[in-house]
Amino acid sequence: MARVPEESFPEGTEIVRVYLAARLGEAQAAERALDQAGVDYAAVPEQYSAPSALGARVRTGVGLWVPEAGLDAAADALESAGMTAGLVKR
């Protein structure tokens with residue numbers, strides 16, 4: 001189980017974002033946690049709004065997406081690894 005292309009999930013599979021990493025190192029740490037947990041996931045670049053001194057800025061991060069049925073296992077693995085900043089609320 002590992003990182004897979006988003007389109008490789010079977011047709012009709014509902015996928016949900018489990019984590020949004022703001023930085024490359026954060027994304028890599030989250031991927032390691034999911035790899036160690038044996039979770040299939042897709043990593044997709046995503047834009048998000050972040051506050052700054054001059055107002056909100058659009059930044060690019062990495063969304064980690066999993067099949068909906070695996071959301072709890074993926075979120076538990078990320079929590080156990082201390083990855084809570086970008087974790088989705090369940």
Side-chain angles (χ1 to χ4, degrees):
M1 313 272 168
R3 181 176 172 176
V4 297
E6 186 177 11
E7 56 276 352
S8 73
F9 291 111
E11 188 173 328
T13 300
E14 183 72 28
I15 60 171
V16 294
R17 186 174 67 204
V18 65
Y19 197 86
L20 178 60
R23 294 175 193 74
L24 178 59
E26 181 184 5
Q28 291 170 331
E31 287 186 2
R32 280 191 298 276
L34 294 175
D35 286 341
Q36 290 173 352
V39 174
D40 279 341
Y41 62 92
V44 180
E46 293 186 34
Q47 292 189 331
Y48 65 96
S49 180
S52 75
L54 302 174
R57 291 182 48 192
V58 175
R59 300 190 55 138
T60 300
V62 177
L64 299 174
W65 293 77
V66 298
E68 187 174 35
L71 176 61
D72 287 335
D76 288 346
L78 291 164
E79 283 180 346
S80 294
M83 307 289 309
T84 58
L87 195 60
V88 298
K89 293 181 174 46
R90 329 180 234 171

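Residues: numbered from 1 along the sequence shown.
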Legend entry - hydrophobic_cluster_shared for Met83 and Leu87, side chain cutoff 4.5 Å: yes
Legend entry - 4.5 Å side-chain heavy-atom contact, Val4 and Tyr41: no
Legend entry - Backbone N/O of Asp76 and side chain of Ser80: donor-acceptor pair under 3.5 Å: yes
Inset, instruction - Would you indicate whether the side-chain heavy atoms of Leu78 and Thr84 approach each other to under 4.5 Å? - result: no
Inset, instruction - Return the minimal non-hydrogen interatomic distance between Ala77 and Ala37, and the atom names on each side. - result: CB-CB, 3.5 Å
Inset, instruction - Compare all side-chain heavy atoms of Ile15 with those of Thr13 and state whether any distance is below 4.5 angstrom. - result: yes
Inset, instruction - Name all residues meeting the salt bridge (charged side-chain N to carboxylate O under 4.0 Å, His left out) criterion together with Glu26; count only those two or more places apart in sequence or in a different chain, and write none if there are none. - result: none
Legend entry - From CZ (Arg3) to CG (Leu34), nearest 0.5 Å: 11.5 Å
Inset, instruction - Compare every heavy atom of Tyr19 with every heavy atom of Ala30, then report the nearest pair and how far apart it is. - result: CB-CD2, 4.2 Å
Donor-acceptor pairs under 3.5 Å, side chain of residues 58-75 to any protein atom, not counting sequence neighbours: which ones?
| residue | atom | partner | partner atom | Å |
| --- | --- | --- | --- | --- |
| Trp65 | NE1 | Glu46 | OE2 | 2.7 |
| Asp72 | OD1 | Arg90 | NH1 | 3.3 |

Legend entry - Asp40 side chain to Ala2 backbone, donor-acceptor under 3.5 Å: yes
